[in-house]
Amino acid sequence: MLKRGKKRDASKGKSEGDERPKKITLNAGNEWEKNVICELSKKRKVLVRNWDGKAVMDIREFYLEDGKEYPTGNGLSFFMDQWKILRDHVDEIDKLMMLHGGDNDQIIEPR
């Protein structure tokens, strides 16, 4: 059975995550580098940044141009309320990843 995050009270209006963050625009001096938490692959990075006064965790793809890396529009952004829901379910995700062959590096084809 799937557990979902808490239902939103309609009287409170939209969640912070309901509004799509603006396109990431960063200085050519790679100011984003100080916000990178880890690299998931050669082109994917996890970073935490401030958007409109709110903390945002991004899983973002990057591209290389003129020897410098820049973020693309491809990725996911999580506001704090969304991050807390995902964080609270990490153990369940981990168990299911292992169940579906995540303990070895083979690719499992969908049934």
Arg49 and Ser77 have their tightest heavy-atom pair at NH2-OG, 3.9 Å
Nearest-0.5 Å distance, CZ of residue Phe62 to NZ of residue Lys43:
13.0 Å
Side-chain heavy atoms of Ile93 within contact of Leu86, under 4.5 Å:
yes
Does Gln82 reach the main-chain N or O of Phe79 with its side chain, forming a donor-acceptor pair under 3.5 Å?
yes
Under 4.0 Å between a Lys/Arg side-chain N and an Asp/Glu carboxylate O for Arg60 and Asp58?
yes
Should Val36 and Val46 count as side-chain neighbours, where that means a heavy-atom distance under 4.5 Å?
no
Run the side-chain contact (heavy atoms from CB on, under 4.5 Å) check on Asp94 and Asp91 step by step: do they pass?
CA-CA 5 Å; Asp94 192 46; Asp91 288 339; 5.5 Å; no
Can Val48 and Asn35 be said to form a side-chain contact (heavy atoms from CB on, under 4.5 Å), step by step?
CA-CA 6 Å; Val48 176; Asn35 298 326; 5.6 Å; no
The side-chain contact (heavy atoms from CB on, under 4.5 Å) partners of Glu39 (sequence neighbours excluded) come to Lys45
Output the distance between atom CZ (Arg44) and atom CG (Asn74), rounded to the nearest 0.5 Å.
9.0 Å
Which value, rounded to the nearest 0.5 Å, describes the distance between His89 atom NE2 and Lys84 atom NZ?
14.5 Å
How close do Tyr70 and Glu65 get, counting heavy atoms only, and between which atoms?
CE1-O, 3.7 Å
Hydrophobic cluster identity match, Phe78 and Met80, side-chain contacts under 4.5 Å
yes
Sorted by chain and residue number, the side-chain contact (heavy atoms from CB on, under 4.5 Å) partners of Lys95 (sequence neighbours excluded) come out as none
Looking at every non-hydrogen atom in both residues, tell me the closest pair between Thr72 and Tyr63 and how far apart they are.
CG2-CD2, 3.5 Å
